Number of protein chains: 2
Amino acid sequence: MASQTEENYLKTLFNLANDKNEVNISELAAQMQVSMPTVNSMVKTLQKNDWLIYEKYKPVILTQKGKKEAALIIRKHRLTEMFLVNKMGFGWEEVHEIAEQVEHIHAPKFFERMDEMMGFPTIDPHGSPIPDKQGRIQEINYLTLSKCKAGQTVILAALTNSSTEFLEFLNSRELSLGTELTINSVENYDQSMVATYVGHTSETLSEKVCERLLVRVIG
Amino acid sequence: MASQTEENYLKTLFNLANDKNEVNISELAAQMQVSMPTVNSMVKTLQKNDWLIYEKYKPVILTQKGKKEAALIIRKHRLTEMFLVNKMGFGWEEVHEIAEQVEHIHAPKFFERMDEMMGFPTIDPHGSPIPDKQGRIQEINYLTLSKCKAGQTVILAALTNSSTEFLEFLNSRELSLGTELTINSVENYDQSMVATYVGHTSETLSEKVCERLLVRVIG
DNA sequence: TTATAATGTTAGATTTATCTAACAAAATTG
DNA sequence: CAATTTTGTTAGATAAATCTAACATTATAA
Ligand SMILES: [Mn+2]
Ligand SMILES: [Mn+2]
Ligand SMILES: [Mn+2]
Ligand SMILES: [Mn+2]
């Protein structure tokens, strides 16, 4: 059974994997906030459990087993976040830290009950998909708001970044998942957008913000 | 901040403490299922944090600070057990193992929300008191059913043992907290009792069982 | 009251997860 | 392509939590 530390590495590896499924030691060290030698020794450990493939001086690659293990931890994380928001009244900006701990609880029934109580949700409070019990993730392809054009109407569906600061910014603008926005205009100089949505007329959103908003175009 | 291991030792120390607040190394080792040298080194560590007083060859004694720390972990454990039963539909025999893990979550709000959602319960699903936010425990003095006499009517209020096996035995006899029992007779030979309660006429309860049932006499 | 048993301690080893310093390989750049 | 930078590895150390073997102290009992 994976230790808490190993579980956190697996999750991070899963999230950092590029199109070739590769992760560099330096990236992993940066993300985990540990030194490269620490990562070097950890990937050797993870390899012994067949969770990844490691060859000297090469980026590491999660195996199928490793990907499944990671997805199941992510499942517990996201179910927890959704439970905290939907059943316990937390704000979407408060739940990540708690889920970071709860995801390591070994008690399948605990998470199954959460799932049942919520009616088997498929996304978490930040719009990210919840992997199923087999560790499969449904790929959803949303568009970044910054890719949209003036005149379009979109629905905010997910976020590319869920830091507390960003979530608090969105709270301050009363932007939440499901909000319908109409793009009034796009400023050519800095790519900032002016949008209208429930309760807000001509709200300006910087490019930095628009890049982090994932939307479904509806008109 | 106490590690998970330290938290488990503190909790066990709290529960093992006798009237003089003393705990022997051997008891602690037995309860924690580790060797005596392991306990020996751990109590030295706990002493460095002023959680207990240790002197060579003497039983250890929790300090006020140590008692409070322990009581606050027990609070998290019992709130969790109550939440699992009252809000998530678990049976009282299923919750201890999960609570044993959840009690180590560092997220005051998480437990405060549980507490609020349940309306600030004062006992857990096994009838044990939930320490308050200051770590104070209200002492309740129930009677052991085995101390009662034929003819008396009592209400099942708590248990001295909450092992899964015992809880499953109680389930099989449809005995739960709050059940009103009338003692028909006490067998002189083996101290077994014959009792009547909702749905059960003349149910025989062994001395072993009666010793583990804490009751309030109501007639 | 001495022998024996029970309890507790010390010494030394192991595993896990981390670090720094030094070195090696690979990638980038002038 | 050679110099430099970036990335990755090795070696060796540390702290936490555990173990066994050996020894010491305290308690019990003959
Ligand atoms: Mn999260
Ligand atoms: Mn985590
Ligand atoms: Mn319990
Ligand atoms: Mn525990």
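Remember, it's a predicted structure, so these values are computed and weren't measured experimentally. A, B, ... follow the sequence lines: proteins, then strands. Residue 1 opens every chain.
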Hey, is A:E112 close enough to A:K109 for a salt bridge, meaning N to O under 4.0 Å?
->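 Answer for the salt bridge query: no.
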Hey, is B:R78 close enough to B:E81 for a salt bridge, meaning N to O under 4.0 Å?
->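 No, no charged N to carboxylate O under 4.0 Å.
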Consider the side chain of A:M42, meaning its heavy atoms from C-beta on, and name the nucleotide among D:dT10, C:dA17, D:dC19 that approaches it most closely.
->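 The answer is C:dA17.
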When you get a sec, tell me which of C:dC19, D:dC19, C:dG8 is the closest nucleotide to the side chain of B:Y57?
->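 Closest of the options to the side chain of B:Y57: C:dG8.
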Whole angstroms only, please: what is the [atom1]-[atom2] distance between [X] and [N]?
X     : N      : atom1 : atom2 : value
A:Q47 : D:dG8  : CD    : P     : 16 Å
B:E55 : D:dT26 : CD    : C1'   : 15 Å
B:Q33 : D:dA17 : CD    : C1'   : 16 Å

With rounding to the nearest 0.5 Å, note down the distance linking OG1 in A:T63 to CD in A:Q47.
->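 So the OG1 of A:T63 and the CD of A:Q47 are separated by 10.0 Å.
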Closest contact, heavy atoms only, B:H77 versus B:K11 =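 Nearest pair, atom of B:H77 first, then B:K11: ND1-NZ, 4.0 Å.
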Specify the closest pair of heavy atoms between B:V95 and B:L84, including all atoms of both residues, with the distance to one decimal.
->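 So the two residues come closest at CG1-CB, 3.5 Å.
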Listed in order of residue number, which residues of residues 5-29 of chain B have a non-hydrogen atom at under 4.0 Å from DNA chain D?
->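 DNA chain D contact set from residues 5-29 of chain B: B:T5, B:Y9.
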Decide if atom CD of A:Q64 counts as having more than 12 heavy atoms of other residues, nucleotides or ligands within a radius under 6.0 Å.
->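 Atom CD in A:Q64 is not crowded, with 12 or fewer foreign heavy atoms closer than 6.0 Å.
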If you compare every side-chain N and O of [X] against the phosphate oxygens of [N] (OP1, OP2), does one of them come in below 4.0 Å?
X     : N      : answer
A:T38 : C:dC19 : yes
A:N40 : D:dG8  : no
A:Y54 : D:dT9  : yes
B:K44 : D:dA17 : no

Say whether, by atom type as modelled, one donor and one acceptor occur between the side chain of B:N24 and the main chain of B:S26 under 3.5 angstrom.
->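 No, the answer is negative, given that no donor and acceptor are paired below the 3.5 Å cut-off.
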Contact class for A:S3 (heavy atom, under 4.0 Å): base, sugar-phosphate, or nothing?
->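 Sugar-phosphate only.
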DNA chain C: A:M36 or A:Q4, which has the more 5' nearest nucleotide?
->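 On the 5' side of the pair lies A:Q4.
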Using heavy atoms to find the nearest nucleotide of DNA chain C for A:K56 and A:S41 separately, return the residue whose nucleotide is more 5′.
->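 On the 5' side of the pair lies A:S41.
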